[in-house]
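Chain identifiers are assigned alphabetically (A, B, ...) following the order of the sequence lines, protein sequences preceding nucleic acid strands; residue numbering begins at 1 within each chain.
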Amino acid sequence: MPELPEVEVLVRHLEPLLRGQVIRGVDVRRPRVLRPSSETELRRALVGSVFVNLNRRGKYLLFTLRRAGSRKTFPLLGHLGMTGRMYLLPANAALPKHAAVVLRFARSQLVFEDTRYFGRLTLDTSAVSALGPEPLDERFTAHDLRNALRRPGQSLKVKLLDQSLVAGLGNIYASEALFRARLSPRRRADQLSPKQAQRLWRSLRQVLREAIAWGSTVRLHWGPADGRNNLFYYGAAEGESGYAHERLRVYDRAGQPCLRCRTAIRRIVQGARSTYYCPRCQRC
DNA sequence: CACCATGTTCCTTG
DNA sequence: CCAAGGAACATGGT
C-alpha cells in the first residue's frame, strides 16, 4: 500500500480507531519485519502500552504510545514496503496467511499483513531523520525543490525517488508528476530552470493532493488482502467492479495513447525500475 | 518457464 | 571518496 497518499489515507483512517487502545499481547510471525528490533524488545515495550496518536512522515507511519501509569511516550515506526497493509479485525478473527505482526487489544486486533515482508514495524525510528522535506508541507517551496534536485547530475525520475531529497514519492507518482509537469523523466535533474522547477513543484503537489482526496472519499477495502490488488492507485474500491487505471494518466499505460496528444506512451527502465512517459509531451 | 510488481538497503564497479 | 548500477530481500500475478 505504499506511496505517500495511501499511507496518509491509512493514517487518517486508523488514528481514531487506535487512540486509547491498550495492547494486551504482541504476536510476531515474521521477526524479519521488526528489524533491527528483536521480538522480546518489542513485546516488552508494547505490552501494556496505549496508543496516543498516529502520524505520517514520508511513507512511514509514526505511532506514539505511552506505557501504562507513565507520562512518557515513545515512538513506534511502521513502513508498508511494497505489499504491506494494516487494519483492525475482531479479536477472534482468523488471521491471513501473511500476517507479519499482530497487536492484540481487548476486543480487536491490529494486523500488519505483508506478503513480501519488505515492510517494517520497529522501535528504531532512525530512518525518519534521513528523510527530506514533506512535499505537501507549506514550508516546502519550489525553490527548495530546485535546490534539492540541483546537487549531482542524475535523471529527474531517479532523483524524485530519492527519499532524502523529497519524502514520499514512489514509482507511480513520480511518473505521474513528471507527466503533469510535461518534463522528460530522462532529463538531467540539475539544470531545471526556475520556471520548470516551479511546474514540477506544482504538479507533484497536485498529484499527491488529488490522490489523497480521492482515497479519502472512496470506500476502500480495509480488510485482509483477498488475492487481488487492493491499491487505491487503481481505483479498486469496495464493491466496485473492474480495475480501470482511470486515475493514473501515464503509469502502466505503455502503448496506450497519451491522454493529451494520443502519442503512444512509452515504458523505459531507469535505476532498474519502470518509468512511463509520453515522448511527445514530455520533452527535455 | 519468463518477466513483472507500490520499496529500501547493501554491495560492487567505474 | 563518490555516483551509478545491480542484486537482494520474498511472494505472487500474468
Side-chain angles (χ1 to χ4, degrees), chain A residues 1-11 29-36 56-61 77-86 96-101 112-122 124-132 148-178 185-186 188-190 204 207-208 211-212 214-215 220-221 224-236 243 245 247-255 267-276:
Chain A
M1 250 246 201
E3 305 184 36
L4 184 155
E6 292 212 307
V7 178
E8 177 65 25
V9 171
L10 173 65
V11 162
R29 313 197 144 200
R30 286 285 180 147
R32 169 185 151 76
V33 306
L34 307 185
R35 63 194 184 281
R56 179 191 58 75
R57 181 74 173 86
K59 300 172 194 171
Y60 287 90
L61 298 107
L77 188 72
H79 194 290
L80 300 171
M82 293 267 256
T83 53
R85 305 167 62 84
M86 282 190 197
K97 181 178 176 189
H98 297 295
V101 182
F112 174 25
E113 178 189 8
D114 187 359
T115 37
R116 289 168 76 180
Y117 305 109
F118 290 174
R120 290 213 292 160
L121 189 66
T122 177
D124 172 31
T125 60
S126 60
V128 167
S129 59
L131 294 175
L149 296 174
R150 217 173 170 102
R151 295 178 287 197
Q154 212 176 7
S155 74
L156 260 184
K157 161 65 170 10
V158 171
K159 273 261 183 288
L160 287 180
L161 294 182
D162 184 339
Q163 304 296 298
S164 71
L165 299 184
V166 181
L169 277 178
N171 206 37
I172 291 177
Y173 293 115
S175 277
E176 293 295 312
L178 288 167
R186 308 147 61 126
R188 282 178 54 120
D190 58 1
L204 180 157
V207 161
L208 295 175
I212 292 170
W214 191 89
L220 296 169
H221 172 64
D226 52 9
R228 303 183 306 173
N229 188 329
N230 287 308
L231 290 177
F232 72 66
Y233 297 127
Y234 299 109
Y243 281 19
H245 294 187
R247 290 190 48 258
L248 304 177
R249 305 193 184 174
V250 271
Y251 184 81
D252 207 17
R253 298 181 59 111
R267 171 184 179 272
I268 58 173
V269 174
Q270 295 178 290
R273 318 208 51 195
S274 292
T275 300
Y276 299 87

Protein-nucleotide distance (A/Leu161, atom CG; B/dA5, atom C1'), rounded to Å: 14 Å
Under 4.0 Å protein heavy-atom contact, by nucleotide of nucleotides 4-10 of chain C - B base, S sugar-phosphate only: S----BB
Centroid separation A/His98 to A/Tyr117 less than 6.0 Å: yes
Whole-Å distance separating the NZ atom of A/Lys97 from the C1' atom of C/dG13: 13 Å
Nearest-Å distance for atom pair CD/P, residues A/Gln163 and B/dT9: 9 Å
A/Met82, nearest nucleotide to its side chain (from B/dG7, C/dG12, B/dT9): B/dG7
Validation row: A/Leu169, A/Leu208 side chains within 4.5 angstrom (heavy atoms): yes
Residues that A/Gln270 engages under side chain to side chain contact (heavy atoms under 4.5 Å, CB included), provided they are two or more places apart: A/Ser155, A/Lys157, A/Val158, A/Pro185, A/Arg186, A/Ile268, A/Thr275
Inter-nucleotide P distance (B/dC3, C/dG6), Å rounded: 15 Å
Spacing of CG belonging to A/Leu248 relative to CD belonging to A/Glu176, to within rounding of 0.5 Å: 4.5 Å
A/His79 vs B/dT8: side-chain N/O to OP1/OP2 distance below 4.0 Å: yes
Interatomic distance, A/Met86 atom CE to A/Leu61 atom CG [nearest 0.5 angstrom]: 5.0 Å
Between C/dT11 (C1') and A/Arg85 (CZ): distance, integer Å: 15 Å
d(NZ, A/Lys157; C1', B/dG7) in whole Å: 12 Å
side-chain N/O A/Lys59 vs B/dT8 OP1/OP2, d < 4.0 Å: yes
Sugar-phosphate, base or nothing in reach of A/Ser274, heavy atoms under 4.0 Å: sugar-phosphate
Rounded distance in Å - CG (A/Asn171) to C1' (B/dA5): 9 Å
Same-atom distance (P) from B/dA2 to C/dA7, integer angstrom: 15 Å
A/Tyr251 and A/Asn171, any side-chain heavy atoms less than 4.5 Å apart: yes
Base-pair map of DNA chain B as dot-bracket, where | denotes pairing with a different strand and pairs are Watson-Crick or G-U under 3.5 Å: .||||.||||||||
Euclidean distance for P, B/dC11 against C/dA10 (whole angstrom): 15 Å
Of the listed nucleotides C/dG12, B/dC4, B/dG7, the one nearest the side chain of A/Arg267: B/dC4
Whole-Å gap separating P (B/dG7) and CG (A/Leu77): 16 Å
Between B/dT8 (P) and A/Arg57 (CZ): distance, integer Å: 13 Å
Atom C1', compared across C/dC9 and B/dC1: separation rounded to whole Å: 22 Å
Interatomic distance, A/Leu161 atom CG to A/Gln154 atom CD [nearest 0.5 angstrom]: 9.5 Å
